[in-house]
*Asks:* 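Please find one structure pasted underneath; my questions will follow.
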Amino acid sequence: MDSRVIAIDGPSGAGKSSVSKRVGKQLGFLHVDSGALYRIMTWQCLENGIDTSDPAAVAAFAQGVEVECRPEDGAIAYYVKGETPGDRIRTPEINAHASHVATVKEVRERITAILRGMTQYGDLVVEGRDITTAVFPDSPARFYLTASAEARAARRQKEEVEKGIANQSAEAVKASLLARDKIDSTRKYAPLRKADGVLEVDSTSLTLDQVVDAVLAALPADWKTA
Ligand code: DC
């Protein structure tokens with residue numbers, strides 16, 4: 001049987017990761033963080049002195065970056081030269097460069113092919129910016145998760161402090177998040193947008209459980225009992 005894909009898009013901090021992980025765990029679908037692949041490409045560019053504002057340089061370099069994908073503990077884990085990137089791809093520096101790298105057509109094509117190839121591992125819940133519109137547009141389970149900019153910034157700031165990644169003010173986190181949203185939603189190739197036919201869930205005043213329940217309730221009936 002073909003594998004089933006739950007596709008979840010939305011801006012930074014809308015809660016995509018928490019929701020996708022929970023939905024995946026509940027249904028036994030593998031969680032796929034597509035943003036991590038864009039972050040890995042960005043990290044590798046920076047490590048190798050590639051100017052992320054030069055699309056031709058990024059495109060040429062990205063062709064040679066090998067990312068190994070392995071199903072592990074309910075998710076697809078990524079390895080670069082045998083190492084997991086971990087929180088090295090979650091820094092404010094990577095945040096600032098990733099949107100630029102994600103504008104590059106060749107990078108998007110490469111990552112789209114990697115993501116589509118993951119169906120070989122089974123059923124998936126994939127989160128990102130173009131999953132419902134470009135990577136898996138034919139999925140019968142597509143969602144657009146949003147929240148107010150303030151709520152999104154507050155979540156991201158808390159996460160950065162808790163993980164010891166950074167200690168920025170809420171204002172600084174909000175400014176960086178809005179700058180990324182703008183680049184992500186106005187770029188030429190596969191911009192972030194709410195596709196026709198997706199279910200929009202605004203998580204601003206919902207608990208995680210409520211958002212997870214809204215997603216589960218909207219799935220095709222036989223996906224919930226499989
Ligand atoms: O979700 P995130 O913050 O980890 O994403 C990192 C960057 O990658 C962000 O600028 C959006 C971009 N991205 C994308 O263009 N398409 C995706 N499917 C996922 C992320």
Side-chain angles (χ1 to χ4, degrees), residues 5-21 31-46 52-53 55 58-59 62 65 67 69 75-78 84-118 124-137 139 142-147 149 152-153 155-160 163 165-166 168 173-195 198 203:
V5 176
I6 299 171
I8 303 184
D9 282 329
S12 308
K16 298 186 299 292
S17 287
S18 314
V19 172
S20 310
K21 282 181 194 159
H31 170 239
V32 179
D33 176 0
S34 68
L37 290 169
Y38 288 92
R39 289 174 178 273
I40 285 172
M41 291 296 178
T42 307
W43 170 51
Q44 289 298 301
C45 282
L46 296 177
T52 60
S53 64
V58 170
V65 177
V67 184
C69 304
I76 298 292
Y78 305 120
T84 47
D87 286 339
R88 281 178 290 188
I89 59 167
R90 308 271 160 207
T91 63
E93 192 191 12
I94 302 276
N95 288 346
H97 290 265
S99 297
H100 298 284
V101 170
T103 62
V104 179
K105 182 168 169 265
E106 290 81 355
V107 170
R108 303 207 67 82
E109 287 170 349
R110 176 107 195 276
I111 291 178
T112 298
I114 294 174
L115 292 168
R116 290 185 179 148
M118 288 178 190
L124 309 174
V125 48
V126 190
E127 50 150 319
R129 303 291 189 294
D130 66 339
I131 309 304
T132 61
T133 57
V135 183
F136 293 110
S139 161
R142 296 181 302 146
F143 299 88
Y144 189 81
L145 208 56
T146 57
R152 296 190 287 115
R155 286 177 194 154
R156 271 290 144 92
Q157 190 208 17
K158 187 163 170 263
E159 199 178 279
E160 286 184 1
K163 288 189 173 173
I165 295 171
Q168 308 184 90
V173 174
K174 185 175 159 193
S176 124
L177 191 134
L178 290 177
R180 277 184 289 146
D181 284 357
K182 181 152 188 235
I183 300 172
D184 292 340
S185 54
T186 57
R187 68 181 175 223
K188 185 168 173 197
Y189 304 106
L192 170 67
R193 67 181 176 85
K194 182 177 165 262
V198 304
S203 69

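In each ligand, atom 1 is the first atom listed, and ligand 1 is the first ligand listed. By convention here, the first residue in the shown sequence is residue 1. Computation of the quantities below employed the complete heavy-atom set of this structure, encompassing side-chain atoms and omitting hydrogens, waters and symmetry-equivalent molecules. Here the structure is a predicted model, which means the values were calculated and not measured.
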*Asks:* List the closest protein heavy-atom neighbour of atom 18 (N) of ligand 1: residue, atom name, distance to the nearest 0.1 Å.
*Replies:*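 I find the closest protein heavy atom is Asp130 OD1, 2.8 Å.
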*Asks:* Nearest protein heavy atom to atom 9 (C) of ligand 1, by residue and atom, and its distance?
*Replies:* Asp184 OD2, 3.6 Å
*Asks:* Tell me which one of Arg129, Lys16, Arg39, Arg108 gets a heavy atom nearest to atom 1 (O) of ligand 1.
*Replies:*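 When every heavy atom of Arg129, Lys16, Arg39, Arg108 is considered, Arg129 comes closest to atom 1 (O) of ligand 1.
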*Asks:* Nearest protein heavy-atom contact for atom 7 (C) of ligand 1: which residue, which atom, what distance?
*Replies:*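 I find the closest protein heavy atom is Ala98 CB, 3.9 Å.
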*Asks:* Of all the non-hydrogen atoms in the protein, which one sits nearest to atom 12 (C) of ligand 1, and at what distance?
*Replies:* Ala102 CB, 3.8 Å
*Asks:* Would you confirm whether Arg155, through its side chain, and Arg152, through its main-chain N or O, come within 3.5 Å as a donor-acceptor pair?
*Replies:*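 Such a contact is absent between Arg155 side chain and Arg152 backbone.
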*Asks:* If the cut-off is 4.0 Å to any non-hydrogen atom of Ser99, which atoms of ligand 1 fall inside it?
*Replies:*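 Within the 4.0 Å cut-off of Ser99, ligand 1 contributes 10 (O).
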*Asks:* Under a heavy-atom criterion of less than 4.0 Å, does Glu127 contact ligand 1?
*Replies:*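 Not so, Glu127 does not reach ligand 1.
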*Asks:* Evaluate side-chain hydrogen bond (donor to acceptor under 3.5 Å, both in side chains) for Asn95 paired with Arg39, printing each intermediate quantity in order.
*Replies:* CA-CA 8 Å; Asn95 288 346; Arg39 289 174 178 273; 2.9 Å; yes
*Asks:* To the nearest 0.1 Å, how far is atom 20 (C) of ligand 1 from its closest protein heavy atom, and which atom is that?
*Replies:* Gly35 CA, 3.5 Å
*Asks:* Can you pull out the closest protein heavy atom to atom 8 (O) of ligand 1? Residue, atom name and distance to 0.1 Å, please.
*Replies:*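 The closest one turns out to be Tyr38 CB, 3.3 Å.
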*Asks:* Using heavy atoms and a threshold below 4.0 Å, how should the contact between Arg187 and ligand 1 be classified: side chain, backbone, both, or neither?
*Replies:*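 Looking at Arg187 and ligand 1, just side chain atoms fall under 4.0 Å.
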*Asks:* If we ignore angles and hydrogens, is there a donor and acceptor under 3.5 Å between the side chains of Tyr38 and Arg129?
*Replies:* no
*Asks:* Considering only the protein, which heavy-atom contact is closest to atom 19 (C) of ligand 1, and what is its distance?
*Replies:*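 Residue, atom and distance for the closest contact: Ser34 OG, 3.3 Å.
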*Asks:* Minimum heavy-atom separation for Thr132 to Phe143, with atom names?
*Replies:* CG2-O, 3.6 Å
*Asks:* Answer yes or no: is there a donor N or O on one side and an acceptor on the other, between the side chain of Glu127 and the main chain of Asp9, under 3.5 Å?
*Replies:*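 No, the answer is negative, given that no donor and acceptor are paired below the 3.5 Å cut-off.
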*Asks:* Will you find, in the side chains of Glu160 and Gln168, an N or O donor that is under 3.5 Å from an N or O acceptor?
*Replies:* yes
*Asks:* Search all heavy atoms of Tyr144 against all heavy atoms of Leu192 and return the closest pair with its distance.
*Replies:*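 Tyr144 and Leu192 have their closest heavy atoms at CE1-CD1, 3.8 Å.
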*Asks:* With salt bridge (charged side-chain N to carboxylate O under 4.0 Å, His left out) as the test, pick out the partner of Asp184 among Lys182, Arg180, Arg187.
*Replies:* Arg187
